[in-house]
There are 2 protein chains.
Amino acid sequence: MRATEFLLTTEKETPADAVVVSHQLMMRSGMIRKLAAGLYTWMPVGLRTLRKVEAIVREEMNKAGAQEVLMPAVQPAELWEETGRWFQYGGELLRVKDRHNRDFCIGPTHEEVITDLARNNISSYRQLPLNLYQIQTKFRDETRPRFGVMRAREFIMKDAYSFHTSEESLQQTYDKMHAAYTAIFNRLGLDFRPVLADTGSIGGAKSHEFHVLASSGEDDIAFSTDSDYAANVELAEAVAPAGERPAATAVLTKVSTPAATSIDDVAAFFKVDASQVLKAIVVRGAHTDEKAEGEPAPVVLFLRGDHELNEIKAEKIPGVAAPLQFASDAEIEAIGGVTGFVGPQGLQAKCYVDRSAAHMADFICGANDTDAHFSGFNWERDAALPEVRDLRNVVAGDPSPCGKGTLEIKRGIEVGHIFQLGTKYSESMNATVLDENGKTRTMIMGCYGIGVSRVVAAAIEQNHDDNGIIWPDAIAPFQVGIVPMGYQKSEAVTKATDELYEQLTAAGFEVYLDDRDKKTSPGVKFADMELIGIPHRVVVSDRGLEAGKLEYAARRDGVKHEIALADIVAHLQSQVQC
Amino acid sequence: MRATEFLLTTEKETPADAVVVSHQLMMRSGMIRKLAAGLYTWMPVGLRTLRKVEAIVREEMNKAGAQEVLMPAVQPAELWEETGRWFQYGGELLRVKDRHNRDFCIGPTHEEVITDLARNNISSYRQLPLNLYQIQTKFRDETRPRFGVMRAREFIMKDAYSFHTSEESLQQTYDKMHAAYTAIFNRLGLDFRPVLADTGSIGGAKSHEFHVLASSGEDDIAFSTDSDYAANVELAEAVAPAGERPAATAVLTKVSTPAATSIDDVAAFFKVDASQVLKAIVVRGAHTDEKAEGEPAPVVLFLRGDHELNEIKAEKIPGVAAPLQFASDAEIEAIGGVTGFVGPQGLQAKCYVDRSAAHMADFICGANDTDAHFSGFNWERDAALPEVRDLRNVVAGDPSPCGKGTLEIKRGIEVGHIFQLGTKYSESMNATVLDENGKTRTMIMGCYGIGVSRVVAAAIEQNHDDNGIIWPDAIAPFQVGIVPMGYQKSEAVTKATDELYEQLTAAGFEVYLDDRDKKTSPGVKFADMELIGIPHRVVVSDRGLEAGKLEYAARRDGVKHEIALADIVAHLQSQVQC
């Protein structure tokens, strides 16, 4: 492609509303243009990358035996009413009435549509397992669309849905999808991790997220230094410390600690590390018995002062309200506590203690008295040890729950999600097949998503420097950029450049030739080439040509190499990874 | 692809709501499934064809220098308000409010969005000409969606928009698009015609439609037997008959013709051909002067009795109301006529006569008197010749307006449209560039559409028989189908079939192997293969294998050929056209 025949509008200034690097660079490099909040047009240079991501996703899905379909974006409300989601789904579901006043939505996902398709077209166990996917435009009416295509309202997803008559069959397809996703993100050239994920409110048994690692990521991922273990911090198990709890040695002392209500205050007051202070969190309770009446009692959770409560783990405790709500001062008082000074001794509530906190000895904790803490507190001696549970977020250095190595924490951007749905949709929509014995069976489902447009942004978050994007070869809009020094000014450069362009194109490379004339300075050309992130650059100059050389540099390291004219194709073939 | 790994659900019964052949066959062959009125899911076998159409369109657009972008489906109302279309567009525009109560629509077309993109990104004549296209999902909220994907609500379009600073530049791109469309429809393997079209209410200078010829088409296309001339009958010029009008020979006679008010009645009464009777059509007038007051006078149009009024031509007459409205009995009486017996003599109205009717002599016409006609009527002798214009639809056998050959009429399905828009959108949206002299110039635009999903249906309308679809090779879901007689029953057939499948796949063919076991009869397999329209079929049988032969048949002629096993690849290579 010649620059003079290509619409590329780069910008020096970063748009004011672009706060993350990928959004900034996608705008500056002219990959996308904003139409309205959360709505972007993919410009030629951006679309080239998007299509490459799509193609890799499609190839690997086909290889894994999934079959491509294309469902409508506009979906009838009736189906969403069958699963109850028409009412459950919040404002993110863009609802619309057609000219006959019938309700529709612009689909943010397609579980209902695919389940309807399956129940109408699949009647026998012999048609299963079946895995159908599409690469399609979706809409989610975000309250506050932001981060460019990372959290846009209109976006492109690859969504797949599988159907089975047994959990074993579901597991097999799930494993195939896990392998296909691994192949996809490897081929995309991204540093990623498949991580165990919480199945959350969607229900279902098992779930993995695929995260592209990037310091700007929204999620914390824990993974083992010595194994494949990786999990969203939301889900990663914090194992119990090794060995026995140290014996009590200190004397229990009640200390006046005026206004020291936070862990930091208390640690500073006692001049100890926060890990020596017991953190108490009082949350609202929930009735475990449906027939129970009156206000449910609050529940007290104890953690080590340097640890963070994991809300998802806490919400799984029977008798704890989900979503988690903190108790009020009055509720704390009602169980014998004082806000800011809650401790285990004498509290009239069901208590739980985190595994690490259960291992503390001679520690500091609230005395359930205004402006007072205990020092030298010990479990079993000074208060009964509450029920021990895993309550906290893992931290770097924790032993890995897989038993091998310790945990590291990195930030990730979720770009894929695979999920064992079970019968959540098939049951409410009555999607059944006849089994081997002629009996009606509800189909078991899995679903598998990749945020195709989001992958593009995540790739940039992971691969950029101060000058712009650094594309992995597989998804670069062009593989090779040619910058001629003096195009249409030096006859030798012009001729050599045109020949090189033909030669590289004929050799199968996707080449971007900056053939703008002398009105565009070499500095602007180099800056544009770096901004749009073309991974391999060849410079043609009079000085080089005199020596029979071209200058080659990879975008990633920028190191310049002199390559003989005759060797350039072979050199690029050895450098370009796709 | 093996049948046992492919979701293909064919149906014997034709769905009740499918009235056109393409809709019937797309449903029966399992290409599409209905989600709701005018909303269809593309199933694997259908999507394969759709993607092939897309790929051919994309390749030829790129080859013609157009650049692909991808615009959002959801568009802000503000842009449509700028061009006035937010109010002009009827119920077909699916309007929607987002969670912040802002107005959007699901785009049926993208003139506003692309013009906004151009005004924000194009500032200099040096960036022009520019031709941007997308292949994208559109929505048109049809009152009565029908004919399957032929007139669906959600559909896929290739829409391109070009920008220019001069009419010459627009014409150049227009010509390129004409050539690209010709290449596209040729590659698709369709019998089509580019035809001159009316620019209608969209305004603009020049327009061609691309029609796939099929007897079920909605439009009549006129084309020359001896040249490339083709035009929508709406637009085709009816040239004046050659030579002079014959001289008057008959005596003018007033004849009592009780109740003979139609051309057929009158022709039967006089025992002459309808071409000997003058047809009079009285239509409502329109003021040509804005300041004129009172009811505009009706206008009378005379045609030969066997000719049809062309309403588009009539509406272009100054002083005629558009859209065309017929005058009432009272209005006819007011100009001295009698409904059913209107003739030229003594009429007090502006009259026009069609070129062919102006050539009539000794003809029959109304006498402006109840139950009376004249015979032996002649222009200039019995009434002044009104102003002569082209008023009628062309008919088969008319001389071609290009001067070569005569016209034939065929029915066509519009699948593409190229259009010189001019400044309709750029002016109202203030999309300007600076020209060579630093002066602000409004961009001149062209637009170029192909109904990608519609092409699939049109291809079927043109290519089918009683047994199903007959795909052109280029867009067949699979090129070659293998039907084994006794798969997994005869060891020889099973082995030979598997080998053949591998061999043909390795040779680059897209092969569909019906590997269903003996529970599926050969009859069902043959019927499915014909229904889904695979253009080349190979049958593997014990009897054939004993003689070292396979049976080959093309879907189009069905003639069976015995081909030696060793020759099958070469034979298919000679047969498959893509």
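Sequence lines set the chain letters: A, B, ... in the order given, protein chains first and strands last, and positions in each chain run from 1. Note that the coordinates shown come from a computational prediction; the quantities given were computed from them, not determined experimentally.
- With chain A as partner, the option from Glu11(B), Arg51(B), Lys34(B) having the largest number of non-hydrogen pairs under 4.5 angstrom is Arg51(B).
- The part of Arg58(A) that comes within reach of chain B is its side chain, from C-beta onward, which places non-hydrogen atoms under 4.5 angstrom from that chain.
- Here the closest heavy-atom approach between residue Ile106(B) and residue Ile106(A) is recorded as CD1-CD1, 3.6 Å.
- Of all heavy-atom pairs spanning Gln75(B) and Leu35(A), the tightest one is CA-CD2, 4.3 Å.
- Between Thr9(B) and Asn120(A) the shortest side-chain heavy-atom distance does not fall below 4.5 Å.
- Pairing each heavy atom of Asp98(B) with each of Arg153(A), the nearest pair is OD2-NH1, 2.9 Å.
- How far CD of Gln134(A) is from OG1 of Thr41(B): 8.0 Å, rounded to the nearest 0.5 Å.
- Contact count against chain B (heavy-atom pairs under 4.5 Å) is highest for Leu94(A) among Ile32(A), Ile122(A), Leu94(A), Asp116(A).
- Contact of Glu5(A) with chain B is made through the backbone alone, with heavy-atom distances under 4.5 Å.
- Interface remark: Thr4(A) contributes no atoms to any contact with chain B (heavy atom separation under 4.5 Å).
- Heavy-atom distances place the side chain of Ala36(B), and not its backbone, under 4.5 Å from chain A.
- Chosen from Leu132(B), Leu70(B), Leu47(B), the residue pairing most often with chain A at heavy-atom distances under 4.5 Å is Leu70(B).
- Put simply, the side chain of Thr137(A) does not reach to within 4.5 Å of the side chain of Thr137(B), judged on heavy atoms.
- Atom CD of Glu436(B) is surrounded by more than 12 heavy atoms from other residues, nucleotides or ligands within 6.0 Å.
- For the pair Arg126(A) and Lys519(B), the minimum side-chain heavy-atom distance is below 4.5 Å.
- In this structure, Lys176(A) places its NZ atom where only 12 or fewer heavy-atom neighbours from other residues, nucleotides or ligands lie under 6.0 Å away.
- Looking only at side-chain heavy atoms (C-beta outward), Leu117(A) and Arg33(B) come within less than 4.5 Å of each other.
- Considering only heavy atoms from C-beta on, Asn121(B) comes within 4.5 Å of Met43(A) through its side chain.
- For Arg99(A) and Glu142(B), the salt-bridge test fails: no basic side-chain N is under 4.0 Å from an acidic carboxylate O.
- The part of Leu79(A) that comes within reach of chain B is its side chain, from C-beta onward, which places non-hydrogen atoms under 4.5 angstrom from that chain.
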Audit row: Val69(B), Trp42(A), side chain to side chain contact (heavy atoms under 4.5 Å, CB included) steps and yes/no:
CA-CA 5 Å; Val69(B) 298; Trp42(A) 289 82; 6.0 Å; no
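- Contact check for Thr143(B) versus His100(A): side-chain heavy atoms found under the 4.5 Å cut-off.
- Using modelled atom types, one side-chain atom of Gln67(A) and one backbone atom of Leu7(B) make a donor-acceptor pair closer than 3.5 Å.
- Judged by distance alone, the side chain of Glu68(B) and the main-chain N or O of Pro44(A) form no donor-acceptor pair under 3.5 Å.
- Of all heavy-atom pairs spanning Leu39(A) and Phe104(B), the tightest one is CD1-CE2, 3.8 Å.
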